[in-house]
Every structure is written in C-alpha cells, then in structure tokens.
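Positions are given from 1, in the same order as the sequence printed here.
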Amino acid sequence: MTGASGNVGSAAVRLLASRLGAGAVAGLVRDPARAAARVPSGVELRRADYTDRASLDEAFAGVSALLFVASDGDARDVMKQHENVIDAIAASAIEQVVFTSIVDVDEHSPFYFAPVYRDAEQRLRACGKPWSILRCGMYSDFLLSHWLEQARDTGLVEVPAGQARIAPISRDDVATAAALALESGAHEGQVLELGGTKAYTLDEITELASMAFGRPMAYRPISATDYLARCWATMEDPWPHAFASMFASVSQGRFAATSAGFEQITGRRPEELSAFLERHAA
C-alpha cells in the first residue's frame, strides 16, 4: 500500500493484515518511525517518497500487488508524483494495481484536480500492468470536518452548492473496498465508482447533522465569489482555487451519482450518512 500512514491507506493495511497476516503486507510511507503507530505490529514499513523515483523502485521490489493511494497538494506536483509512481510500477515486477481515483475526471469538469486524476488514469492504463480503478465520491469525513464540524458553533453551513446533491461515502468504506479489490484481484480492467447509495442536498445533510449533533443546523447557499473570498482569507494556495472549483463541480451535479461499486466489491451496502454522523457525533 502506498500512503500507508494516511486515513485510507492505514485502514486498508489494517484490514489486509487481519485477513492475510501482517507478514504478507507492506506499507510505503515517507517516515516509517512516525507511521509505525498507525499500522499493526509485523507489517513491514518501507520508506518511499512520491517525489523520489529511486525510493519507489526500491520499495516496489518483491511486491506482487499494489494499492496505489493518490497523493494530494499542488496539482502540478501531484501530477508529477503520480507519474513517478506509475513509471516505477511499469518498471517493477508488480502484477496487479488498484488505484484510488475520483468520480470527477471528465475533461469538461471545472474541478482543480480533475486533470490530475484523468492523467493518472491514462498513464495507468498504458503502463502495461493489470489495473483496477476505483473512482471515489466525496468522503463523508470531508463533509463532516470541512463543513459540519466548523459550523457547530454557528449552526450554519454557508457554501455555494445551490440545491445540488452529493452521494457521500466514508473513507473507511473506500479503504475496505480498495483492500478487498486488491486481495481478490477480481476486477482487473474495471473502473468502479465508489459512492453512497443516496444523494443528499445540503439542506438534507444539515438536517441529518442536526439529529446527530442534537442541535439545530441549517444550510445557507452563498455566491461562489463570496466563498472564494472567504477561502482567500483563511487558506494557503492552492486550496482556495481547489475548494472553489470543487463547489463549481458539485453545483453541476458531478458528485451526485449513486453507485453500486462498493456493494459489487464487498457484498454489502456502504454506511449511510446518518449512521456515519451519529457515529462521529461526540
């Protein structure tokens, strides 16, 4: 697993270690000492950096199947990092790759990261290795941490989403699907979408949050211009553009599609947003 100290990567490591045994799993991290607390004892941690091709070549030695968890940050940097990983995959003995992409990769998308993931998908398809692509919807965790938690004091979520809908899925469910897809190898050459089973407006999301948190929550749509100005005041680059463009994409309904990919891989339905919020309400 790349990104084994991150939220999705570490959860996938823990699941596969429990199913296959810790000795069968290796995690790629930038700092093994710091990452050790997030993975089970017995899992090998290999140092690798997406910016360091030589470290990737070394880390991929002896690996037969790879869960490639996408990077994050400045879009130009991330695109180059993904290129490094895929070039190292192509030069390795890896026989299977599962890549965590996003649902919004359309060439007409306004989203800041859409070209990054589209490029990675194209490179992966052309690298000569068997692949599976999991296109992830918006994380329930993202909704919680960036909108709902921040609005607990005011009770008001103010974003430029209009009445568009979002079909969220939790990071834990994405990690489960990714781990099981890697273990089974049953989805070679497939692009599967991982989203929730229901798409919600922000009014419906804040209503669910009200019930989970035990306090009134409401949604007020604001203009994209006002939202971008707020981002400029509170965020470092590239995040103002990334967040503003994300809402432009949300407003076009690009995160609204429900999907059966999770159930196809795992045999069960993903966690409902209401249950997720109740679980994280404390």
Residues forming a side chain to side chain donor-acceptor pair (under 3.5 Å) with Tyr117, sequence neighbours excluded: none

Short N-O contact, Arg279 and Glu271, less than 4.0 angstrom: yes

Heavy-atom check, side chain of Arg135 versus side chain of Leu192, under 4.5 Å: no

Minimum heavy-atom distance between Ala161 and Val250, given as atom pair plus value: CB-CG1, 4.2 Å

Sub-4.5 Å side-chain heavy-atom contact between Ser55 and Arg47: yes

Co-members of the apolar cluster containing Leu228 [side chain, <4.5 Å]: Trp232

Ser249 side chain vs Phe255 backbone, donor-acceptor pair below 3.5 Å: no

Sequence neighbours excluded - side-chain hydrogen bond (donor to acceptor under 3.5 Å, both in side chains) pairs with any residue from residues 90-102: Ser101-Glu121

Minimum-distance pair of heavy atoms, taken over all atoms of Pro40 and Arg14: CD-CG, 3.8 Å

Sidechain-backbone polar pair: Ser274 side chain, Leu208 backbone, donor-acceptor under 3.5 Å: no

Near-ring test Trp147/Tyr139, centroid separation under 6.0 angstrom: no

Residue pair Thr201 / Gln163, side-chain donor-acceptor N/O under 3.5 Å: no

Between CG on residue Asp49 and CG on residue Leu56, distance to nearest 0.5 Å: 7.5 Å

pair Val13-Met1: side-chain heavy atoms closer than 4.5 Å: yes

Residue pairs involving residues 65-77 (criterion salt bridge (charged side-chain N to carboxylate O under 4.0 Å, His left out); sequence neighbours excluded): Asp74-Arg76

Rounded distance [0.5 Å steps], CD in Gln122 versus CD1 in Ile86: 10.0 Å

Step-by-step side-chain contact (heavy atoms from CB on, under 4.5 Å) determination, Val191 to Ile133: CA-CA 5 Å; Val191 178; Ile133 294 171; 4.2 Å; yes

Leu202-Met211 co-clustered via ILVMFWY side chain contacts under 4.5 Å: yes

Residue pair Leu148, Met217: steps toward the side-chain contact (heavy atoms from CB on, under 4.5 Å) verdict: CA-CA 8 Å; Leu148 301 176; Met217 300 280 290; 4.3 Å; yes

pair Gln264-Gln190: side-chain heavy atoms closer than 4.5 Å: yes

Separation of Phe262 CZ from Cys136 SG (nearest 0.5 Å): 11.5 Å

Derivation and outcome, side-chain hydrogen bond (donor to acceptor under 3.5 Å, both in side chains), residues Thr51 and Gln81: CA-CA 5 Å; Thr51 65; Gln81 291 166 12; over 6 Å; no

Atom pair CG/CD1 of Leu156 and Ile222 - distance to nearest 0.5 Å: 9.5 Å

Test side chain to side chain donor-acceptor pair (under 3.5 Å) applied to Gln150 - qualifying residues, sequence neighbours left out: none

Within-4.5 Å side-chain heavy-atom neighbours: Leu66 and Val98: no

Trace of the side-chain contact (heavy atoms from CB on, under 4.5 Å) decision for Glu44 with Val25: CA-CA 7 Å; Glu44 179 186 1; Val25 181; over 6 Å; no

Within residues 243-254 or reaching into it, pairs that qualify as salt bridge (charged side-chain N to carboxylate O under 4.0 Å, His left out) - sequence neighbours excluded: Asp104-Arg254, Asp106-Arg254

Pairs touching residues 235-252 that satisfy salt bridge (charged side-chain N to carboxylate O under 4.0 Å, His left out), sequence neighbours left out: none

Any pair counted as ring pair (Phe, Tyr, Trp, His ring centres under 6.0 Å), so long as it reaches residues 191-219, sequence neighbours left out: none

Atom pair CG/CG of Asp141 and Asn7 - distance to nearest 0.5 Å: 7.0 Å

side-chain hydrogen bond (donor to acceptor under 3.5 Å, both in side chains) contacts touching residues 169-183 (sequence neighbours left out): Arg19-Glu183, Asp173-Arg268

Sequence neighbours excluded, every pair satisfying salt bridge (charged side-chain N to carboxylate O under 4.0 Å, His left out) that has a member inside residues 22-39: none

Any side-chain heavy-atom pair of Arg125 and Trp131 under 4.5 Å: yes

Side-chain donor/acceptor of Lys129 to backbone N/O of Ile94, under 3.5 Å: yes

salt_bridge(Asp226, Arg230) N-O dist < 4.0 Å: no

Minimum heavy-atom distance between Ile265 and Ala181, given as atom pair plus value: CG2-N, 3.9 Å

Closest non-hydrogen atom pair between Pro160 and Ser251, with its separation: O-OG, 3.1 Å

Glu204 atom CD, over 12 foreign heavy atoms within 6.0 Å: yes

Worked check of side-chain contact (heavy atoms from CB on, under 4.5 Å) between Cys231 and Trp239: CA-CA 8 Å; Cys231 291; Trp239 303 114; over 6 Å; no

Main-chain N/O of Val78 paired with Ser71 side-chain donor or acceptor, under 3.5 Å: no

Listed once per pair and sorted, the ring pair (Phe, Tyr, Trp, His ring centres under 6.0 Å) pairs that draw on residues 86-110, sequence neighbours left out: Phe68-Phe99, His82-Phe99

Qualifying residues under side chain to side chain donor-acceptor pair (under 3.5 Å), relative to Glu58, sequence neighbours excluded: none

Ser245 (side chain) donor-acceptor with Tyr112 (main chain) under 3.5 angstrom: yes

Thr2-Tyr50 side chain donor-acceptor pair, cut-off 3.5 Å: yes

Whether Ser259 side chain and Glu193 backbone form a donor-acceptor pair below 3.5 Å: yes

Polar side-chain atom of Arg46 near backbone of Ala59 as donor-acceptor pair, under 3.5 Å: yes

Nearest heavy-atom neighbours spanning Leu277 and Ala209: CD1-N, 3.9 Å

Rounded distance [0.5 Å steps], CG in Leu273 versus OG1 in Thr197: 10.0 Å

Nearest atoms (heavy-atom pairs only) where Ala199 meets Ala256: CB-O, 3.3 Å

Close side-chain approach of Ile169 to Val174, heavy-atom, < 4.5 Å: yes

Whether His146 and Phe142 hold their rings parallel, tilted or perpendicular, with breakpoints at 30° and 60°: parallel

